[in-house]
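To keep things clear, I will list the structure first and then write my remarks on it.
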Amino acid sequence: MSQINVNFNNLNQFISDSDFANLQEKINLAHNDLHSKTGRGNDYLGWLDLPQNFPVDLMQRITEATERYRKLYDTFVVIGIGGSYLGAKAIIESLSTPFGEPKSEVIFAGHTLSSHYHSSLLEYLKTKNPAVVVISKSGTTTEPAIAFRLLKDFLRTNFPNDYKQRIMAITDSSKGTLRNFADMEGYTTFSIPDDVGGRFSVLTPVGLVPIALAGFEIAQLVEGAASLSVDTETDLEKNQIYKYAAARYLLHEQGKSMEILSYFEPRLSFFAEWWKQLFGESEGKENKGLFPASACFTTDLHSLGQYIQEGKRNFFETFLTVAEQPHSLKLKKEQFNTDKLNYLEGKSLDFVNQKAFEGTAEAHLEGNVPNLEIRLSHIDEFTLGQLIYFYEKAVAIGGYLLEVNPFDQPGVELYKKNMFRLLGKPS
C-alpha cells in the first residue's frame, strides 16, 4: 500500500483533464521505452527493478559488516560527493532527531574543498574512535580523493596497528584506482552496480551502508521502494508517479522554468538536496528542464515568501507534507494572554503547521502560482523508500517526455576540465 498521496487540485486552473488525456500516448511511449529498456541511457536502468530483486545475500553481508563496525567504532566518516553521499545523508537526517546524533554518529566528507571543514573534521576525530567509508566509482574524483588522502593519513598516524581494518571501500566491482588500492590494502569492500548511476544509487551499497551504520532499517527502505516498483500501470488517472511527471512536463511546456519543492518539516531539508541533484542532473540538458529549487517553510516564508507570492511567474510549487508526526505538542492557556495566543489553547503545533501549509497553498494559488501536494502518511524507512522510488521513476519518465537522456550528466565534466587545467594537472 502506498504511503504517498498526491493532490493535483490546485493545478486545475492551469492544466485541464484534456491536457492530461492528450499526453497519455506520450506517457505510454515513455513507459515502454523505460520498461523495455530501449530508450536513451538504457545501460543505467539497474535501479528500475533493483528493489524487488535485491539480492538476499548482499543485504545480509551489508547488515553483518555494518553491525561489526558499529561494535568496534563510534564514529563513521563517509567520503563521497553528489550521489555518493546525498541519498544517504538525506535518509539519515530524515530519520534522526534535530538535536543529537542518529543511533551511531555518521559524518560526511569529500563533498567540499574547504580547508576549514577538513581541518575541523580532523581535529574533531582526535577525540573519537573512527572508521572511514570511501565511496567512489573510480577513486580519482578530486574532492573525495583529496578527503580520502587526508583521512587515510590521519588513520595511519593515529591508529597504525589497525588503520586498514578501519577503512571500507564502496567502488567498482573490478577496475579503477580505488578498487585496485582496496584489494591491495585488504579493505572491506562493496561494489557499485555498473548499471546504476550515482544519483540513483541510494538503494545500493552506496546509500545502504552509511544508513545501516547510522542504525536504521535498510531492509524496510528497500521493501518500501519494492512496493512501488511492481506497479506498471500507465493510466494517468491511476498512476500518481506518471501524473506528477506529466504535470511537470505540461507546466514546462507552458513556460515554467523552475519547480520549488516546499516542505514544512525541517528534517526533510537534505532530502530536498538529494531531489535537486536527481532532477537537476537528469533533466537539465539541451536547454531543457526545470530548475529544481527548495524552500523550508514556514522559515523561508519570511525570506522567499514575498517573491513566491508576487515575483516573476516563471515557476510552480510542489509541497512535500507529512500527515502524522511522532510527537504531539499542545499549546496551553496563559493567564494574561500577553502574546494573544490563547485562541490556540488545546491545539497542537502540528495542527498549526498544517494550517500554515493550507494557508500558504491558498495564498500562492491566488498569486497565480500553480501548486500540488505530495503527502506522506508519516516518516519512516518504508515510506522514504517509496518516496525515493517515486522520484526516481518520475524523473526517468520526465526525461523521456523532454526527449533527453535522463541518465547521463555530460555538463558536469567541463568544470573539472577547467579546474585541472588551472591546477596544472599533467595530461
Side-chain angles (χ1 to χ4, degrees), residues 43-47 50 54-55 57-66 68-69 73 76-92 106-113 118 130-156 162-214 218 222 274 277 281 407-409 412-413 416 420 425:
D43 290 341
Y44 289 94
L45 290 178
W47 59 272
L50 176 64
F54 198 91
D57 59 333
L58 176 58
M59 181 65 72
Q60 182 176 352
R61 199 161 74 83
I62 293 173
T63 301
E64 291 174 353
T66 53
R68 184 175 73 252
Y69 268 61
Y73 313 113
F76 305 100
V77 184
V78 176
I79 300 172
I81 195 167
S84 294
Y85 94 104
L86 281 169
K89 188 169 174 63
I91 299 303
I92 290 170
V106 177
I107 300 171
F108 292 87
H111 57 286
T112 175
L113 292 170
H118 286 96
V132 167
V133 180
V134 55
I135 305 173
S136 176
K137 186 77 169 174
S138 65
T140 58
T141 304
T142 306
E143 296 91 338
I146 287 175
F148 185 42
R149 176 174 285 204
L150 293 170
L151 284 156
K152 184 172 56 179
D153 181 65
F154 174 88
L155 292 180
R156 188 186 292 119
D162 69 341
Y163 82 91
K164 294 178 183 179
Q165 286 72 49
R166 292 172 180 266
I167 299 175
M168 185 185 297
I170 302 174
T171 187
D172 190 273
S173 60
S174 60
K175 63 183 184 299
T177 299
L178 183 55
R179 167 53 66 180
N180 294 337
F181 196 72
D183 289 345
M184 181 177 66
E185 293 272 275
Y187 302 156
T188 298
T189 62
F190 289 95
S191 298
I192 302 173
D194 292 334
D195 56 357
V196 179
R199 59 187 176 274
F200 290 84
S201 66
V202 63
L203 297 178
T204 73
V206 170
L208 297 180
V209 167
I211 294 165
L213 286 171
I218 57 173
V222 173
W274 172 80
Q277 186 205 5
E281 279 195 351
F407 307 112
D408 66 357
Q409 55 280 340
V412 302
E413 298 304 316
K416 297 178 184 178
F420 294 153
K425 180 181 179 180

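What you see is a predicted model, and the numbers here were worked out from it, not measured in a lab.
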Could you tell me if the side chain of [Y] sits less than 4.5 Å from the side chain of [X], heavy atoms only?
X: I192; Y: I170; result: yes
X: V134; Y: Y187; result: no
X: I167; Y: F148; result: yes
X: Y85; Y: P144; result: no
X: W274; Y: I91; result: no
X: R179; Y: T189; result: yes
X: K137; Y: D194; result: yes
X: R199; Y: W47; result: no

Give, for atom [atom1] of [X] and atom [atom2] of [Y], the distance between the pair rounded to the nearest 0.5 Å.
X: I62; Y: M168; atom1: CD1; atom2: CE; result: 9.5 Å
X: L151; Y: Y163; atom1: CG; atom2: OH; result: 13.5 Å
X: T112; Y: I81; atom1: OG1; atom2: CD1; result: 8.0 Å
X: S84; Y: I79; atom1: OG; atom2: CD1; result: 11.0 Å
X: Y69; Y: Q165; atom1: OH; atom2: CD; result: 8.0 Å

Please evaluate residues F190 and L58 with respect to the criterion side-chain contact (heavy atoms from CB on, under 4.5 Å), reporting the C-alpha separation (whole Å), side-chain torsions for both, the decisive distance (0.1 Å), and the verdict.
CA-CA 9 Å; F190 289 95; L58 176 58; 4.0 Å; yes
With a 6.0 Å cut-off (strictly less than), is the heavy-atom count around OH of Y44, excluding the residue itself, greater than 12?
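Incorrect, the count does not exceed 12.
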In terms of side-chain geometry, is the basic nitrogen of R149 or D153 positioned less than 4.0 Å from the acidic oxygen of its partner?
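No, R149 and D153 are not salt-bridged.
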Verify side-chain contact (heavy atoms from CB on, under 4.5 Å) between I92 and I211, making sure each step is shown before the conclusion.
CA-CA 6 Å; I92 290 170; I211 294 165; 4.2 Å; yes
T66 side chain vs L213 backbone, donor-acceptor pair below 3.5 Å:
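The answer is no, because no donor-acceptor pair under 3.5 Å joins these two groups.
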Is there a donor-acceptor contact under 3.5 Å from the side chain of S191 to the main chain of D172?
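Checking the backbone N and O of D172 against the side chain of S191, no donor-acceptor pair under 3.5 Å is found.
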How close do A147 and H118 get, counting heavy atoms only, and between which atoms?
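In this case the closest contact between A147 and H118 is CB-NE2, 3.7 Å.
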Locate the shortest heavy-atom distance separating P210 from V106; write the atom from each residue and the value.
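In this case the closest contact between P210 and V106 is O-CG2, 4.0 Å.
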Determine, step by step, whether I146 and L150 satisfy the side-chain contact (heavy atoms from CB on, under 4.5 Å) criterion, reporting the C-alpha distance in whole Å, the side-chain angles of both residues, the deciding distance to 0.1 Å, and the verdict.
CA-CA 6 Å; I146 287 175; L150 293 170; 4.2 Å; yes
Before you tell me yes or no, could you show the steps for F154 and V77 under side-chain contact (heavy atoms from CB on, under 4.5 Å), namely the whole-Å CA-CA distance, both residues' side-chain angles and the distance that decides it to 0.1 Å?
CA-CA 12 Å; F154 174 88; V77 184; over 6 Å; no
Please enumerate all residues that pass side-chain contact (heavy atoms from CB on, under 4.5 Å) together with T204, with sequence neighbours excluded.
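T204 satisfies side-chain contact (heavy atoms from CB on, under 4.5 Å) with L50, P193, V196, S201, V206 only.
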Can you list everything that forms a side-chain hydrogen bond (donor to acceptor under 3.5 Å, both in side chains) with Y73? Sequence neighbours excluded, please.
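Listed in chain order: nothing, the list is empty.
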